[in-house]
2 protein chains.
Amino acid sequence: MSVQERKARERAERERLIVATARELAEQQGWDAVTTRRLAERIEYSQPVLYSHFRGKREIIGAVALEGAAEMAVAMRAAASGASGPRDRVAALARAYLDFAARNPAVYDALFQLDGGLAYAREDTPEPLKDAFAALLESLGEVAGDGVEPGLFTEVFWASLHGLATLTRAGRLPPEDIEPRVELLVDRLAAL
Amino acid sequence: MSVQERKARERAERERLIVATARELAEQQGWDAVTTRRLAERIEYSQPVLYSHFRGKREIIGAVALEGAAEMAVAMRAAASGASGPRDRVAALARAYLDFAARNPAVYDALFQLDGGLAYAREDTPEPLKDAFAALLESLGEVAGDGVEPGLFTEVFWASLHGLATLTRAGRLPPEDIEPRVELLVDRLAAL
DNA sequence: TCGATTGTCTAGCGATGCTAGGATCAATTC
DNA sequence: GAATTGATCCTAGCATCGCTAGACAATCGA
């Protein structure tokens with residue numbers, strides 16, 4: 001059995017290598033630069049090897065997205081735990097979210113802009129995605145206010161952050177004034 | 001001179017045809033289906049003709065975006081003018097915005113998701129884009145609240161709508177509950 | 001009527017995602 | 001220890017993409 005185990009281990013290792021390399025390449029030069037040829041060359045295998053791990057480029061994007069979702073959940077919880085009151089917590093969360101999007105644009109794109117073939121907001125949604133949403137809900141639910149369903153509130157708050165993140169990075173919003181925008185959003189949207 | 005005028009007219013007409021066809025094709029089958037070959041075939045000219053009107057596919061997307069921006073501005077002002085009070089106006093605006101995005105997904109993508117080679121939020125931003133933002137500002141500025149710059153408020157409100165629009169259409173948010181989301185957004189964000 | 005200009009097309013380049021089919025190497029069996 | 005089997009990987013190629021060079025034809029000014 002040991003031989004098969006070793007092979008399985010090596011295979012899993014190579015899969016991690018593919019995902020990590022795709023992510024690295026995407027962060028360095030954008031997702032357009034992540035071609036199957038370039039990716040294959042970087043991992044020092046031929047192109048078809050990629051297709052023995054993933055159905056296609058879409059699934060590779062999806063794998064990067066899942067990895068990113070897990071990291072985002074960690075970052076959100078870390079930001080929330082370092083705050084004292086609800087107001088602080090929500091503000092810290094918002095900043096951490098925008099910071100994550102700005103620092104990991106390729107991962108953020110894989111998560112929320114590109115088609116990674118993942119199911120969102122459904123029962124069969126992969127666990128990391130559910131958990132990332134849960135991490136938001138943990139901090140935002142408490143400021144939903146009376147008569148507002150925490151899930152609904154989280155969706156709206158999240159959408160607002162997403163809008164700010166994407167419009168800013170796409171050059172649709174001037175990059176300065178990020179802080180006052182966050183202040184406005186938190187002060188108005190959260191029921192404190 | 002009449003001959004030249006006729007030629008210029010025909011040329012302009014063909015350019016409109018290209019943009020309209022690109023838009024139609026994009027709405028029917030998505031922007032991925034808008035290839036230069038298919039587009040050329042539909043307008044019944046050869047591929048290189050496209051390049052005598054536009055620098056490339058990007059510019060065609062940009063042209064569709066400008067057309068869409070003008071329509072959006074009209075739709076926003078129409079929605080705003082039919083409302084009685086500020087609360088009504090902002091709510092109507094929000095609904096009209098999301099409705100526009102849902103009904104014209106390809107145009108919306110050209111405007112805010114794809115790269116159409118346009119400058120946003122700058123001095124050299126094309127007029128239709130500035131005007132679309134102005135249309136939002138006209139209705140939203142009055143509910144910015146004390147001490148909040150109307151432009152900043154409009155940016156945040158717009159970003160929230162944009163987040164809702166894109167996340168919903170990309171399947172990241174369940175399509176139902178649109179109305180309660182709008183209600184929540186309007187009630188909380190607008191200073192009434 | 002003739003040369004020049006403008007307009008359009010055919011053909012092709014490099015690159016993309018993806019796949020078929022053959023070669024190679026290791027594990028298994030006699 | 002040799003032969004067979006099976007998994008693993010690579011070379012080569014397909015159709016399609018955005019874009020362009022160069023040939024050809026129609027039109028214009030003299």
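Numbered from 1 within each chain, the chains take letters A, B, ... in sequence-line order.
The side-chain hydrogen bond (donor to acceptor under 3.5 Å, both in side chains) search around D146(A) returns none, not counting sequence neighbours.
Counting any heavy atom pair closer than 4.0 Å across all strands shown, R11(B) reaches no nucleic acid atom. At a threshold of 4.0 angstrom between heavy atoms, the contacts of R14(A) are confined to the sugar-phosphate backbone, with no base atom among them.
A cation-pi arrangement is present between R14(A) and Y45(A), with the terminal nitrogen or guanidinium carbon under 6.0 Å from the aromatic centre and inside a 45° cone about the axis.
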- Message: E41(B) vs R38(B), test: salt bridge (Lys or Arg N to Asp or Glu O under 4.0 Å). Steps then yes/no.
- Response: CA-CA 5 Å; E41(B) 192 189 7; R38(B) 249 192 291 265; over 6 Å; no

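Near DNA chain D, defined here as any heavy-atom distance below 4.0 Å, the residues from residues 19-52 of chain B are V34(B), T35(B), T36(B), R37(B), R38(B), Q47(B), P48(B), Y51(B), listed numerically.
The aromatic rings of F112(B) and Y97(B) sit parallel to each other, their planes meeting at less than 30°, with 60° as the upper class boundary. Classified by interplanar angle (parallel below 30°, tilted 30° to 60°, perpendicular above 60°), the ring pair F133(B)/W158(B) is perpendicular.
Distance check: F54(A) CZ to E15(A) CD gives 4.0 Å after rounding to the nearest 0.5 Å.
Electrostatic pairing of R87(A) and E183(A) counts as a salt bridge here, judged by a charged N lying under 4.0 Å from a carboxylate O.
Atom NE2 of H53(A) is separated from atom P of dA7(D) by 16 Å (rounded to the nearest Å). Note: NZ (K57(A)) to P (dC18(C)) measures 8 Å, nearest angstrom. Atom-to-atom, CD of E15(B) to P of dT8(C) comes out at 13 Å; the value is rounded to the nearest Å. Atom CZ of F54(A) and atom P of dG17(C) are 15 Å apart (whole Å).
With axes fitted over five pairs at each extremity, the angle between the ends of the helix from dT1(C)-dA30(D) to dC30(C)-dG1(D) is 20° (10° resolution).
With hydrogens and angles ignored, the 3.5 Å screen pairs a side-chain donor or acceptor of N104(A) with a backbone N or O of F100(A).
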